[in-house]
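Notes to accompany the following structure.
Values reported hereafter were calculated over all heavy atoms of this structure, with side chains retained and with hydrogens, waters and symmetry mates removed. Residue numbering restarts at 1 for every chain, and letters A, B, ... go by the order of the sequence lines. From a predicted model like this one, the values you see are computed outputs, not experimental measurements.
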Amino acid sequence: MIFATFSKKELPRLFDLLAPNTVVGPVQKGLDRAGRPLYDFDVIYRFQDLRLDYPTTIHSAKRHFLPHRESLCTFTLQGNDWEKQVDYNVYKPVVFFGLHACDINALNKLDKVLSSPPYPNPYYTAKRRNMFIIGQGCQPQPQCFCRSMGTDTALHGFDLFLTDLGDRYFAEILSATAYQFLQKIITRPPTAKDHDRYKEVVTERNQQFQTTVDTTDLTKLLDLEFESAAWQQWGDKCLSCGTCANVCPTCYCYGVEETVDLDLRGAAKTKYLYSCNLIDFAEVAGGHNFRPQTATRLKYRYYHKHRGFVEAYEESLCVGCGRCGEACLAGITVPDVLASVRALGG
Amino acid sequence: MAPQLPFINLLAQPGGRRRQDLGSFEYSYQAEITNVYPLTKAEKLYQLQLIDPEERRRFSFLPGQFVMLELPGIGEAPFSISSSPLHHGDLELCIRDVGNLTHFLSRMQRGARVGISGPFGTHFPVENMVGQDVLLIGGGLGIVPLRAPLFAVLENRSRYGRLDVMYGAKSPADLLFTYQYDSWRQFDVNLAITVDRPNRGWRGATGLITELLKERIAKADFQPATSFAIVCGPPVMFRFVCALLTEAGLPMQKMFVSLERRMHCGRGKCCRCNIGATYICLDGPVFDYWTVMNLKEAI
Ligand SMILES: Cc1cc2nc3c(=O)[nH]c(=O)nc-3n(C[C@H](O)[C@H](O)[C@H](O)COP(=O)(O)OP(=O)(O)OC[C@H]3O[C@@H](n4cnc5c(N)ncnc54)[C@H](O)[C@@H]3O)c2cc1C
Ligand code: SF4
Ligand code: SF4
Ligand code: FES
């Protein structure tokens, strides 16, 4: 890994250098009822709009690479004949400015399912190949438990990662493109003092985590406690609304729908993100539903993230960002659910 | 360096047709409906032919695999291939009219064009059953995916031992492929059929398919050590059937079932068919019974 440091005054210059491209970053979007600012990832045109001090966002940056609705293809129809036109819906590179480690890790996890053979998904892969990612160190929030999930630092999947050392940034440079951009601003190689300060900052940050999840033998536990009463208790609270999947940076399941144009000359095939909490997620022909109860579906979401994905890829699909717990109207959070399954089991 | 980041246009890159190629993801073969045979009130047999001769020749599948059938503007859904693997891109699908897409399809005429992608999923390993007795047990629509391994065995009839087909339907009017029974019997198939609700003219067996199986198991020439079973039908049915077979001494890894799940991609990407780490579309739909027993909430 190549490191550099640069003064905070250089950051707007770096932004301006990248600005001829589409830049997506954290912005403030109004206030909540208690008057606290709300943040989201959006397209940014001016450096001043970028809120690098954002604690977290309500939605992940997902809609910029896994949009809620996305056209898979269109058809031209003519009598019995038809022709299919495929478009991956990406026309330019996108700069992601200021992603936290959890969200970068979320992309790395999605890569494993979506870009891997057999059948890599070209819509996601095309967007992913055209990302330039600048990561940024974060301030752990009360709901964050990424450290328990091993996703509190990003080891790959970005171009540049910045850590705030007070008056300057400590930069980890992962791509040649990032290196070349840094040549255009004033940087210097880090000194021993920078290294010490970096380690101090990281240690301070790591001490701020308030929420932990005990993941010891979690896969075994989930297998053993498949019938635990805890699932029913959480199932009784869950509204089956799917909000958790909507805000989650790693929920990717979808459905497909096709529509015909009014003039009957064209048709479209659209994919829309779904949620395994929604009632008809596993309904098949004949009306049989493999997961008719709310509790079964809620359990399934945990089972896939923390058990199934681990079996397939040796790691959990949850990055511990805490967004689902914050967004859930029923107050269902991952740490609470997993702790209760552990406590109630047996 | 230029202020614009370089753009990598994956769409412009040559798109192959192999499973690992990005271009194969949304590719569908154009196929023509060459014939439609109504089999019962709800089910029709559709004969499809891939239009491009080269694609038709190259299209190859194994018994038990399925395709995604697409009607542009209407929808896309998974269907088991019900024809012989020897016929490549001349496919037969037997489809029940249950909803949006299947109903639209039921009103389509020969000559219409549909999209086909696949084949997807795992298959019934008939290649491993050579030299052994084969039991094909189907309930209801389960006979549809069973036809592919049946044809595969019939085409190499001399390489297999005794071949039993047991088939159960609700009533005589629901029986599928009645016109083929005689020809199957001619090829040394022991065909046994039962219905739940007989009508007046019915002279065959009545009752559950498990009764047919019990009779078969009771016979002296039933040899579990040198038999394989393929069981297709609703989960309640194969649970009972597989329990009987296990009791009779057939090892669980020599019984194969086909699972049904909601599927929106067939390619392990939409996650709709997922059970834990298992994608029914990739790791299945065909599983041996031992694997099914180990899948949480599989049946
Ligand atoms: C591996 C596999 C093989 C199959 N083989 C056959 C076959 O050989 N013959 C046959 O008649 N049917 C088969 N089916 C079932 C077939 O896929 C459904 O009948 C079809 O999807 C219904 O589509 P529809 O648009 O007509 O129904 P819809 O109007 O969409 O809905 C009717 C019902 O079908 C369910 N359904 C909708 N879409 C899907 C989907 N993509 N996957 C599963 N269920 C769905 C709905 O939940 C609803 O209960 C198979 C299913 C699978 C998974
Ligand atoms: S867990 Fe919460 S957010 Fe998720 S479906 Fe249930 S009520 Fe909605
Ligand atoms: S499951 Fe919840 S905590 Fe885990 S990654 Fe998704 S939104 Fe974040
Ligand atoms: S059908 Fe999409 S993942 Fe299996």
Checklist entry - Donor-acceptor pair, A/Trp82 side chain versus B/Arg113 backbone, under 3.5 Å? => result yes
Item to check | Part of A/Val95 lying under 4.5 Å from any heavy atom of chain B | outcome: side chain
Checklist entry - Once you round to the nearest 0.5 Å, how far does CG of B/Leu22 lie from OH of A/Tyr123? => result 10.5 Å
Item to check | Portion of A/Asp261 that has a non-hydrogen atom of chain B nearer than 4.5 angstrom | outcome: neither
Checklist entry - Got a donor-acceptor contact below 3.5 angstrom from the B/Lys269 side chain to the A/Pro120 backbone? => result no
Checklist entry - Within a radius of less than 6.0 Å around CZ of B/Arg58, do more than 12 heavy atoms belonging to other residues, nucleotides or ligands occur? => result no
Checklist outcome for this item: Answer key: most heavy-atom pairs under 4.5 Å with chain A among B/Cys271, B/Cys270, B/Gly99 is B/Cys270
Checklist entry - Looking at A/Tyr91 versus B/Phe7, is the centre-to-centre ring distance below 6.0 Å? => result no
Next on the checklist: If the contact rule is any heavy atom under 4.5 Å from chain A, which residues of residues 103-112 of chain B qualify, in numerical order?
Outcome noted: B/Gly111, B/Ala112
Item to check | Straight-line distance of A/Phe290 CZ to B/Ile275 CD1, nearest 0.5 Å | outcome: 7.5 Å
Next on the checklist: At a heavy-atom distance under 4.5 Å, which candidate from A/Asp280, A/Leu273, A/Leu264, A/Asp223 has the highest pair count against chain B?
Outcome noted: A/Asp223
Item to check | Nearest-0.5 Å distance, CZ of residue B/Phe25 to OH of residue A/Tyr88 | outcome: 9.5 Å
Next on the checklist: What part of A/Thr74 gets within 4.5 angstrom of chain B, counting heavy atoms only: side chain, backbone, both, or neither?
Outcome noted: neither
Checklist entry - Between A/Thr259 and chain B, which part of the residue has a heavy atom less than 4.5 Å away: side chain, backbone, both or neither? => result backbone
Checklist entry - Looking at A/Gly308 and B/Ala277, what are the two nearest heavy atoms and their distance? => result O-CB, 3.0 Å
Checklist entry - Is atom CZ of B/Phe240 surrounded by more than 12 heavy atoms (other residues, nucleotides or ligands) closer than 6.0 Å? => result no
Item to check | Pick from B/Glu26, B/Gln20, B/His264 with the largest number of heavy-atom pairs that fall under 4.5 Å of chain A | outcome: B/Glu26
Next on the checklist: Can you see whether A/Phe281 has B/Arg262 sitting over its ring - NZ or CZ less than 6.0 Å from the centre and within 45° of the normal?
Outcome noted: no
Next on the checklist: With a 4.5 angstrom heavy-atom cut-off, is it the side chain or the backbone of A/Phe75 that approaches chain B, or both, or neither?
Outcome noted: side chain
Checklist entry - If you tally heavy-atom pairs under 4.5 Å against chain B, which of A/His288, A/Lys84, A/Glu83, A/Glu283 wins? => result A/Lys84
Next on the checklist: Among A/Lys305, A/Gln183, A/Lys269, A/Arg307, which residue has the highest count of heavy-atom pairs closer than 4.5 Å to chain B?
Outcome noted: A/Lys269
Checklist entry - If you measure from CG on B/Leu5 to CE on A/Met131, what distance do you get to the nearest 0.5 Å? => result 13.0 Å
Item to check | Under 4.5 Å from any heavy atom of chain A - which part of B/Ile51 | outcome: neither
Item to check | Max heavy-atom pair count under 4.5 Å with chain B, selected residue of A/Cys276, A/Pro117, A/Gly255, A/Ser115 | outcome: A/Gly255
Checklist entry - Do other residues, nucleotides or ligands put more than 12 heavy atoms under 6.0 Å from A/Phe47 CZ? => result yes
Next on the checklist: With a sphere of 6.0 Å drawn around CG of A/Asp217, does it hold more than 12 non-hydrogen atoms of other residues, nucleotides or ligands?
Outcome noted: no
Checklist entry - Using non-hydrogen atoms only, which part of A/Asp16 is less than 4.5 Å away from chain B: side chain, backbone, both, or neither? => result neither
Item to check | Most contacts with chain B, counted as non-hydrogen pairs under 4.5 angstrom, among A/Val284, A/Val113, A/Asn130 | outcome: A/Asn130
Checklist entry - chain B: which of A/Phe132, A/Tyr252, A/Tyr124 shares the most heavy-atom pairs with it under 4.5 Å? => result A/Tyr252
Next on the checklist: Would you compute the distance between atom CG of B/Asn100 and atom CD of A/Glu258 and round it to the nearest 0.5 angstrom?
Outcome noted: 10.0 Å
Next on the checklist: Show, in sequence, the C-alpha distance, side-chain angles and deciding distance for B/Gln4 and A/Lys92, and conclude whether the side chain to side chain contact (heavy atoms under 4.5 Å, CB included) test is met.
Outcome noted: CA-CA 9 Å; B/Gln4 293 280 349; A/Lys92 53 188 188 214; over 6 Å; no
Next on the checklist: Looking at every heavy atom in both B/Cys265 and A/Tyr254, which two are closest together, and how far apart are they?
Outcome noted: CB-OH, 3.5 Å
Item to check | Region of A/Asn121 that comes under 4.5 Å of a non-hydrogen atom in chain B | outcome: both
Next on the checklist: Taking side chain as everything from C-beta outward and backbone as N, CA, C, O, which of these in A/Leu17 sits under 4.5 Å from a heavy atom of chain B? Side chain, backbone, both or neither.
Outcome noted: backbone
Checklist entry - In Å, rounded to the nearest 0.5 Å, how long is the span from NE2 of A/His304 to CG of B/Asn274? => result 4.5 Å
Checklist entry - chain A: which of B/Val98, B/Leu71, B/Asp21, B/Ile74 shares the most heavy-atom pairs with it under 4.5 Å? => result B/Ile74
Item to check | Cation-pi, A/Tyr274 ring and B/Arg272 (6.0 angstrom, 45 degrees) | outcome: yes
Item to check | chain A contact via B/Thr102 - which portion, at a heavy-atom distance below 4.5 Å | outcome: neither
